[in-house]
Amino acid sequence: MSTLKMKEAALIYLDKSGGLQKFIDDCKYYNDLKQSYAVYRFNILINPSDVVELDTELGNHILHQPLEASQVFQSVCFIAVKTLSLMGQLQTENQINIVLKLTHLPPLPSYSLDFCEFPHDYTSQRFYMMQGIVIAMTTVTKYTQGARFLCSDEACPLSKGFQYIRVHVPGATESATIRNDFLCNLCSSSLQEDRKFRVLGVPSGISDSFRCLLSLTSSSCWKFTAILANIFASQIVPPGTYNLLKLCLLMSLVQTSVRNKELEDSLDILIITSDTLLVDRLLNFSINLVPRGIRHPVSAEIFPTVSRNKYGTGAVSVQAGSALLAKGSICFIGDLASHKKDKLEQLQSVMESRSITVYISGKKFGDDIDQQMTFPVQCSFWSFVDLDSSSRRNTQKTNTLIGQMDCSLIPANLVEAFGLLINCNESSPCHPFLSNVQHTLKKAIDPEGLLYVASKQFTTEDFEKLLAFAKNLNVEFSLEAERMIHGYYLASRRIRTDSICGSKLSSSALKYLVSLSEAHARLNLRTKVIKEDALIAALLFETSLTLKYGATVFCVAPNAVFPFELYNEEYLEKRDIYLTQCQQQLLQFIATYGPGTTIFASDE
């Protein structure tokens, strides 16, 4: 009866304080994502004074037994979810993670924690106030907020569903949440974690502005990312300009997390442009939105170098270089023309192998034998080439194919090593000249001013939180998306193969298609790659292939991903219709030239 009374008091408090409405809004956000998680986190703001006035027992629990009080609110919230049908994907009460956020504590000595006084109270798990001066800060510690476990015995009824949910509690170590020695209570078999449902507890969630935008665009699989690209970096370029480039940059940024040991997530970008200054500013702005984003200085080394220890110890010193410092992030190496031929050859080799080997000469450094050290390179490379350089104008090729860019000044193998080749020049749809001039003049008058509504509504901090959240999502492919990606890859490889030169698609082409698909899903804050993500990946990759080798029977327009300027909802609807038509064309292309067709060779 006491627990039932506290639940009633909790519901009354939530209703009066506005917490219930916020909870309903949070549920709608999770419901719009259409994804299943092991746990769903809800922050509830609590004013202890108001709660004590309403119900003293509940107030006492919140102040002195907050973990038990959280369970009371957890039960109330679960009943609300089921009664109001707020979240269809929620199955058990254990999946709700309630975090109580107190506005204040009573100004009494027993609620203050003083490290100068003994004995310290290490046993009570309740709220305290601390006063002092912060003299240092650590990095944010990643921990598992919640995880789903299943019984390893398939015959056991607990091998399905959400019966075993581990949730992090304050003060607990990571091993209390994630371990490999948990046993099933029913059959005593070992429990295995379903990793795709793991929820990380790190700067978590996105801003209310993006949360609202995601909800408003939930009816479409393409609108959210289109608007993101449209408004991104409005401090550098006007909204609506460079949309294709900005979408690719955002997709590359969400692939920057070192979430696993595999090196398959990188998205390297090479930009052909006639406005290097603006592109340089845009890329510089972008790399500052993620941790360890590196702008490589021309005077430094991209990759590790060996030298004698300058302190005279006789030991060898290995300098990391920009690429290793950008681990799990972006290494922006500037204009390719600023690097010497041998450095470009080294860059090509590293991008193909995703590793770098450093040779240490024993003779040079006073040792008997030679040694070598190999380092994995876990970053994405960004670079650009000046379309209007004097050397390029004097040596332009005249026999390029339809849609092909003249990249004769760049080694062909290096161009191929970059997953995406993007064209940004004054004649392209992504470079409206007048709006950029107006933007530059306004910025010169008011450098710190916010020139557009989008800059005020969606801040740089909002984008940082969005990218931090998106890049930590664990995604998996749906069957139809996987078939579409493999079908496009095989069909494209088939039509770009000749008897003399072989296939023009490198072995890494499929890897880039997978990475592009995952990136678009993450940018949409989804954990499952669907066929709409695969379409965007195919269009971006085919546009890049056309710039490298010319058009083929699967003829994609240069502005296929952004066929219209995004002025309002009407143009977004037109874009959705256009992309749906592109999807049908892609399926027809796969049906004609893909696996299982009459023209497809058996060995392929």
- Residue pair V350, F303: steps toward the side chain to side chain contact (heavy atoms under 4.5 Å, CB included) verdict: CA-CA 9 Å; V350 169; F303 302 110; 3.6 Å; yes

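- At a cut-off of 3.5 Å, with distance as the only test, a side-chain donor of Q235 or T460 sits close to an acceptor on the other residue.
- S353 contributes a side-chain N or O that, together with a main-chain N or O of S349, makes up a donor-acceptor pair within less than 3.5 Å.
- In summary, the side chains of S515 and Q255 do present a donor paired with an acceptor at a separation below 3.5 Å, with no hydrogens or angles considered.
- Not one N or O on the side chain of Y242 forms a donor-acceptor pair closer than 3.5 Å with the backbone of N230.
- In summary, the side chains of D462 and T459 do present a donor paired with an acceptor at a separation below 3.5 Å, with no hydrogens or angles considered.
- Remark: the backbone N or O of S380 is not paired with any side-chain donor or acceptor of S266 at under 3.5 angstrom.
- Looking only at atom types and distance, the side chain of N288 has no donor-acceptor partner in the side chain of N284 under 3.5 Å away.
- Checked by atom type and distance alone, the side chain of D194 never pairs as donor or acceptor with a backbone atom of R148 at under 3.5 Å.
- Looking at S286, its side chain does come within 3.5 Å of a backbone N or O of L282 through a donor-acceptor pair.
- Aromatic pair Y489/Y512: centroids not less than 6.0 angstrom apart.
- Residues R354 and Q378 bring no donor and acceptor atom of their side chains to less than 3.5 Å of each other.
- The pair R295-D280 meets the salt-bridge criterion, with a side-chain N (NZ, NE, NH1 or NH2) lying under 4.0 Å from an Asp/Glu carboxylate O.
- Under a cut-off of 6.0 angstrom, the local environment of CD in E476 is crowded, with over 12 non-hydrogen atoms contributed by other residues, nucleotides or ligands.
- Interatomic distance, I356 CD1 to L324 CG, rounded to the nearest 0.5 Å: 8.0 Å.
- Taking CG from N423 and CG from L270, the interatomic distance works out to 11.0 Å, rounded to the nearest 0.5 Å.
- Shortest non-hydrogen contact noted between A481 and A534 is O-CB, 4.0 Å.
- Between the side chain of S322 and the backbone N or O of I302, no donor-acceptor pair lies under 3.5 Å.
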- Item | Criterion side chain to side chain donor-acceptor pair (under 3.5 Å) on Y359 and Q371, from CA distance to verdict | CA-CA 6 Å; Y359 295 94; Q371 300 182 52; over 6 Å; no

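- Taken to the nearest 0.5 Å, the CD atom of Q583 stands 9.0 Å off from the SG atom of C221.
- Looking only at distances, no side-chain donor or acceptor of K223 sits under 3.5 Å from a matching main-chain atom of R575.
- Side chain of K246 to main chain of A229: a donor-acceptor pair is present (N/O by atom type, distance under 3.5 Å, no hydrogens or angles).
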- Message: Is there a side chain to side chain donor-acceptor pair (under 3.5 Å) between D26 and Y40? Walk through the geometry before answering.
- Response: CA-CA 10 Å; D26 290 342; Y40 299 86; over 6 Å; no

- Item | Stepwise salt bridge (charged side-chain N to carboxylate O under 4.0 Å, His left out) test for R166 and E193 | CA-CA 10 Å; R166 303 290 300 181; E193 184 193 357; over 6 Å; no

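- A salt bridge links R526 and D533; the closest N-O separation between the charged side-chain nitrogens and carboxylate oxygens is under 4.0 Å.
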- Item | CA sep, side-chain torsions, deciding dist, call: D576, S220, side chain to side chain donor-acceptor pair (under 3.5 Å) | CA-CA 8 Å; D576 274 13; S220 167; 2.7 Å; yes

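- E542 and R496 are joined by a salt bridge, as a carboxylate oxygen and a charged side-chain nitrogen come within less than 4.0 angstrom of each other.
- At a threshold of 4.0 Å, the pair E461-K465 does not count as salt-bridged, since none of the basic side-chain nitrogens sits closer than that to a carboxylate oxygen.
- Applying the ring pair (Phe, Tyr, Trp, His ring centres under 6.0 Å) test between F458 and each of F463, F232, F210 identifies F210 as the sole match.
- A tilted orientation is assigned to the rings of F332 and F384, their planes being inclined by 30° to 60°.
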- Task: Take E532 and H520, measure what side chain to side chain contact (heavy atoms under 4.5 Å, CB included) needs, and give me the verdict at the end.
- Result: CA-CA 9 Å; E532 287 79 4; H520 193 262; 5.9 Å; no

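- Panel note: side chain S252, backbone C248; no donor-acceptor pair is recorded below 3.5 Å.
- In terms of modelled atom types and a separation under 3.5 Å, the side chain of S209 and the main chain of Q457 share a donor-acceptor contact.
- The closest side-chain donor-acceptor pair between T357 and T374 falls under 3.5 angstrom.
- Taken from CG in N474 to NZ in K528, the straight-line distance is 13.5 Å, to the nearest 0.5 Å.
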